[in-house]
Amino acid sequence: MSTPRIAELQSHAGQTVTVRGWVTHVRSSGKIAFAVIRDGTGVAQAVFVKSQLDPAVWEAFGRLTLETSVAVTGQVRAEPRAPGGFELGVTALEIVGPSPSDYPIQPKEHGIDFLLDHRHLWLRSPRQRAIAAVRHELEQAVQDFFYERGFLRVDTPILTAAIGERSGLFSTEYFEEGTAYLAQTGQLYGEAAAAAYGKIYTFGPTFRAEKSKTRRHLTEFWMIEPEVAWNDSNDNMRLQEDFVSFLVARVLERRRAELQELERDVARLETVKPPFPRINYTDAVAVLQKKGSAVKWGDDLGADDEALLVEDYDRPVFVMNYPKEAKAFYMKENPDDPRTVLCDDCLAPEGYGEIIGGSQREDDYDKLVQRIRDEGLPMDAYGWYLELRKYGTFTHAGFGLGLERTVAWICGLQHIREVIAFPRMMYRLKP
RNA sequence: UCCCCAGUAGCUCAGUUGGUCAGAGCAUCCGACUGUUAAUCGGAGGGUCGUAGGUUCAAGUCCUACCUGGGGAGCCA
């Protein structure tokens, strides 16, 4: 007996097959009954006709509840009334694993607290499957994009000594070495690898112990961080717009059905093509002030400012060359305006905010030492990082793209917590 | 860390100026139904109103504290 997955049923029309999966709906009209089965590739309707069935099979139908796992055998036939266009005329039913009648997630609205408490079961819903498929498609597209362009993927450590940026770190004891910290970026290691291999990227989880409670924050999230030798800030932004456009195009090409399941307005994605508008920080401040913002030169841009700036565009926007004080120590001083650094934030449209932070890196040994001093960072922790400038320094630039923010934007979701299977947030460690 | 909001049945919620306010829908269970699409129809069971105090003749409702979440800010991706 062949056991196709539900998405393959159409190529088995007329054959008798066994479908294995979980019951999502049960409906009965006395002598004819329907069970909808889900297997992760789609849903299929199984039809039970009492007069044509072994009484034991009809009796077994009566024991089907939400999420009972089953193996249903029957003939595949085209049926316009059935979800998916094909249904199974049942001849045999095996109940593999019964499911008590208190299965918590119903086909109706639930509150977010309840859903997150039941995340392990919530994953079974069609909407969550669609999101997971888009995320998966993007992860594959990331790999393809860099592979095609000759980048090496470098996996950087998650357990690190104190190094990175300024915001909160998770810590843990580490043998005789004292405290280890969960990485909040792989960038500094990526810079070392760029000097070794030229074009590299990292792809892995990162951790921030910030007590952020917003729709854009998780304490554990996945980041893609390319680092390219001989790229300047301008090259860096070109790589970013090519990259983001590639990702969007891939999902539009291969995951239409999932975007439809999510009711995403794809017209808002089809305009995402290079080049992306570039706005100097200084100009951005002037524009924002004209629009009524209270922002002053030297301030970082707040969430409202970002939204205000992006509202006139149909694609992501770069805001570049922020004041030095607002940005990290490793960013290269802007020779045309030393108050600023050669950096960019890539802001997604529709209010999704920053999906990328990038910069050209400071390649001057003395200036980098000075920045580490000015920021009050522990110089000895950065010894190896400084040696990258001591032994054959080089122009280089890179960026970090937040995977969850990107998936949330492309899927059109209100919150990034749905975008990862088991989100880690300030008040959630389970399941 | 700060600001705002919420907590009533398994779930989603209603509950008016404090006075039949212990309610609905869905789910569950029982029954009916030969093409259902979150099926429909009839019936039944189901509650320490987040916790602890307080005000009052009377508190789901007002006050205080705490707990648990949610939304936002800051910070960032």
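Here is how names work: the chains are called A, B, and so on, in the same order as the sequence lines, proteins then strands, and each is numbered from 1. Bear in mind that the values here come from a model prediction, so they are computed numbers and not experimental data.
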message: Side chains of A:T282 and A:W297: any donor to acceptor distance under 3.5 Å?
response: yes

- request: May I ask you to decide whether A:D312 forms a salt bridge with A:K291, counting only side-chain N to carboxylate O separations under 4.0 Å?
  value: yes

field: B:G35: pairing nucleotide in any strand, Watson-Crick or G-U under 3.5 angstrom
entry: none

message: Pairing check on B:G18: which nucleotide meets the Watson-Crick or G-U wobble criteria with it, both distances under 3.5 Å?
response: none

field: B:G71 to B:U64 separation - C1' atoms, rounded to the nearest Å
entry: 25 Å

- prompt: Using purine N1 to pyrimidine N3 plus N6-O4 or O6-N4 for Watson-Crick, or N1-O2 and O6-N3 for G-U wobble, each under 3.5 Å, what pairs with B:A6?
  reply: B:U68

- request: Would you say whether A:F221 stacks on B:A77? The test is a distance between ring centres of less than 5.5 Å and an angle between planes of less than 30°.
  value: yes

query: For B:G53, which nucleotide in any strand shown is its Watson-Crick or wobble partner with both distances under 3.5 Å?
result: B:C63

- prompt: Does the distance from a Lys or Arg side-chain N to an Asp or Glu carboxylate O, for A:E362 and A:R371, drop under 4.0 Å?
  reply: no

task: Would you indicate whether A:Q260, at its atom CD, is surrounded by more than 12 heavy atoms from other residues, nucleotides or ligands within a distance under 6.0 Å?
output: no

- request: Give A:T406 one of three labels, base, sugar-phosphate or nothing, depending on what nucleic acid heavy atoms sit under 4.0 Å from its own.
  value: nothing

field: Base partner of B:U28, which must satisfy Watson-Crick or wobble distances under 3.5 Å
entry: B:A44

field: Watson-Crick/G-U partner (both atom distances under 3.5 Å) of B:A73
entry: B:U1

